[in-house]
Number of protein chains: 2
Amino acid sequence: MATIKDIARLSGYSIGTVSRVINHHPDVSEKARKAIEAVIASENYKPNSNAVQLKNTGYSPVTVVVKGSRNVFFESILEDMQKVFRENGEEVSVAFLDEDANEVEAAIQLCVQRRPKGLIFLGGNLNYFEESFGKIEVPAVLVTVDAEEMPFENLSSVTTDDTKGARDAIEYLVSQGHERIGIIGGSLDTDLGQISDFRLSGALEVFNRQKMNFDLDRDFEPSKFSLESGYEAARRLLKKAPDITAIFAIGDMIALGAIRGIVDSGKKVPDDISVMGYDGIEYTRYAVPRIATVRQDIHELAVRSVEDLLWRLSYHRVAQHFIIDHEIIPGESVKNIREEK
Amino acid sequence: MATIKDIARLSGYSIGTVSRVINHHPDVSEKARKAIEAVIASENYKPNSNAVQLKNTGYSPVTVVVKGSRNVFFESILEDMQKVFRENGEEVSVAFLDEDANEVEAAIQLCVQRRPKGLIFLGGNLNYFEESFGKIEVPAVLVTVDAEEMPFENLSSVTTDDTKGARDAIEYLVSQGHERIGIIGGSLDTDLGQISDFRLSGALEVFNRQKMNFDLDRDFEPSKFSLESGYEAARRLLKKAPDITAIFAIGDMIALGAIRGIVDSGKKVPDDISVMGYDGIEYTRYAVPRIATVRQDIHELAVRSVEDLLWRLSYHRVAQHFIIDHEIIPGESVKNIREEK
DNA sequence: AACATTACCGTAAACGTTTACAGTTACAAT
DNA sequence: ATTGTAACTGTAAACGTTTACGGTAATGTT
């Protein structure tokens, strides 16, 4: 593997000049640049990034911290992010965490060890951020949870308005004539801090506002963002609240699991029970029945967050908070039962 | 951020001794070890991995090259792999590639730039390996495609027997009374080199052996490993070959897309058309109908490949080729039509 | 002709590690 | 007391870069 020394030797210039060519510094003659570039090309030379990072800043590439098993949702985000990083000549590394890990503590560990120059959190719990994000010094972006209220100068966020999205979802179900609606997802034993909490609270808002018949103990089942969890929750929910006509699952994976749970309970979707999801993963458009959902612009989520981070890295811009639009996608999984009555 | 120098200063020992403690070298007194470990703990010190890698070998962590958008299948593999790496104190980075990228050329680029100490290919095309893998010097593992026939000393492979899996799948369909079977997936214009080719050829074997009525032009549709592609292919296939009673989709994502395509063509699964998938992704167990598939032990695939690489890295073991078992999983998506006749 | 300026280039230190080597002790054996 | 040995520890070079600094040659200015 060629090093900068080889390039220097082969081109007849010093490593200093070679380095200047690589980094597009001005003080290089046209002649030298041409010659050195030729050697670089012919040797297929690329700077060793360990050395570059060690020298430059002591910092490694940006790390994306992926939390939770909402992977089917995140997987395409990751690809999009990679693409943007690559376009800007940046590398990325990825760290996967359990859904119930403390992502901030994990990131702190990661920082002392690898000194990433930036962090992107894919999913996260605001409570953990509140507790310990102060220890993190590098620029970071929290994706999918709004950090506007957090007092951190180095933390941007890119999210959709989950509370509103959930409100919209419930309102959509109501507009289709549903009055007894069950909810699957999230849990009640944490403070408001994660995506699931916001969605849940958005839904509850509508119930309260419209004075609808909704009892948390009866009409709600906690669930993780997984098929299995959605399946189990749906079965339990149907036992507890047999009169509901619709279920709002706060994630598409939950919705998919729930549909199977409903079927296994001997009911039909959407004839007996309508199901509404959240996230807008690709499969909702191919499922039988197609699943009504709250679609987030995943691509936009990815691009915004990476671009924000890169800008802040390069130009020391200040952290910002973006809200990406969402959109209610009707689907066969929700039946309009208004006219029936 | 503390460096080894700080630890040396704070503990009163030299950086040499500190380094020896970190790396568990023998020549250190119990007293020094205790003292230094105490300082390391109190400072929350971790060696800067750029420096370590630069010094040690010039090599960065193992990189996983993920090819193609069979992500729903790969996503859980990635997590499992990360886990094993982490258990062994190793880092990983991930590179995502398009389904039609040349993963070997991409890896070569990656090698000159980042000098990973090892590579794991998640998916790949043997033809590319044949052409250019010779240029890669680090130990590598090819996951999901058998590289037994390749003449490379530094390339292990961990796969299931895709040809046999496809044979088993077709035989299963036949055992359920299907005689006119269509196939979706892969393409015919490449040499035998990728997973899809092997599955396709396995299926064709059975047709030939059993002298079944199968015409490539009529009963086969190429497809990528994606929902959309599977959807389109199914629609085209049903037009061309309206008399088939079953479809073998060479990937579960394709199968899921195909089912929607079948439904949109006005037919029912499995009453009119049975569908069999391949891969065994989690969702096949929750879909309505549950999808019959060829299940691969994804966890085993992940663990084997990482462990093989780590062993070879540590003990200079020779490359090996593992075949992981597969298993036919019956499902509601395949109807037994034998008794009908 | 003398000097200043410009344009370019090389040198060497530094980033945070690891490790071969050399050095220092302490202690046992003579 | 001297020497040998074992057990430990410090020193310094090296990994592949970047960059401040200083140097040189060419050109411009007086």
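Letters A, B, ... are given to chains in the order of the sequence lines, protein chains preceding strands, and every chain is numbered from 1.
The separation between Asn50(A) atom CG and dT18(C) atom P is 13 Å, rounded to whole Å. When the P atom of dA12(C) is taken as reference, atom CD1 of Ile4(A) falls 16 Å away, rounded to whole Å. Distance CG (Asn48(A)) to P (dT17(C)): 17 Å, rounded to an integer number of Å. Taking atom CD1 on Ile22(A) and atom P on dG16(D), their separation rounds to 13 Å, with Å as the unit. Atom CG of Asp6(A) is separated from atom C1' of dC15(D) by 13 Å (rounded to the nearest Å). One can place NE2 of His24(A) at 17 Å from C1' of dT19(D), the figure rounded to the nearest angstrom. Atom NE2 in His25(A) sits about 17 Å away from atom P in dA7(C), given to the nearest Å.
Of the possible polar contacts, one joining the Gln82(B) side chain to the Val94(A) backbone as a donor-acceptor pair under 3.5 Å is found. At least one donor-acceptor pair closer than 3.5 Å links the side chain of Asn154(B) to the backbone N or O of Val138(B). The backbone N or O of Val39(B) sits nowhere less than 3.5 Å from a side-chain atom of Ser11(B) that would complete a donor-acceptor pair. Remark: the backbone N or O of Thr144(B) is not paired with any side-chain donor or acceptor of Thr159(B) at under 3.5 angstrom. Under a 3.5 Å cut-off, the side chain of Thr17(B) and the backbone N or O of Tyr13(B) do not form any donor-acceptor pair.
The side chain to side chain donor-acceptor pair (under 3.5 Å) test applied to Asn23(A) returns Ser19(A), not counting sequence neighbours. Residues that satisfy the side chain to side chain donor-acceptor pair (under 3.5 Å) test with Glu43(B), not counting sequence neighbours, are absent from this structure. Residues satisfying the side chain to side chain donor-acceptor pair (under 3.5 Å) criterion with Ser132(B), sequence neighbours excluded, are Glu105(B). Every residue was checked against the salt bridge (Lys or Arg N to Asp or Glu O under 4.0 Å) condition with Glu153(A), not counting sequence neighbours, and none meets it. In terms of the salt bridge (Lys or Arg N to Asp or Glu O under 4.0 Å) criterion, residue partners of Asp308(A) (sequence neighbours excluded) are, by chain and number, Arg312(A). Residues meeting the side chain to side chain donor-acceptor pair (under 3.5 Å) test with Thr160(A), sequence neighbours left out: Gln296(A). Partners of Arg304(B) according to the salt bridge (Lys or Arg N to Asp or Glu O under 4.0 Å) rule, which considers only residues two or more places apart in sequence or in another chain, are Glu300(B).
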Interface polar pairs with nucleotides 21-27 of chain C, N/O, under 3.5 angstrom:
none

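You won't find any donor-acceptor pair under 3.5 Å spanning the side chain of Lys55(A) and the base of dT17(D), going by distance alone.
Look at Asn23(A) and you'll find a side-chain N or O under 4.0 angstrom from OP1 or OP2 of dT18(D). A close approach under 4.0 Å does not occur between any side-chain nitrogen or oxygen of Lys5(B) and OP1 or OP2 of dT17(C).
Between the two ends of the helix from dA1(C)-dT30(D) to dT30(C)-dA1(D), each summarised by a five-pair axis, the helix axis turns through 70° (rounded to 10 degrees).
DNA chain D lies under 4.0 Å from at least one heavy atom of each of the following residues of residues 11-19 of chain A: Ile15(A), Gly16(A), Ser19(A). Shown for residues 26-45 of chain B: residues whose heavy atoms fall under 4.0 angstrom of DNA chain C, namely Tyr45(B).
Within a 6.0 Å sphere centred on CD of Glu307(B), other residues, nucleotides and ligands contribute more than 12 heavy atoms.
Among pairs with a residue in residues 6-17 of chain B, those fulfilling salt bridge (charged side-chain N to carboxylate O under 4.0 Å, His left out) read Asp6(B)-Arg9(B), at least two apart in sequence or across chains.
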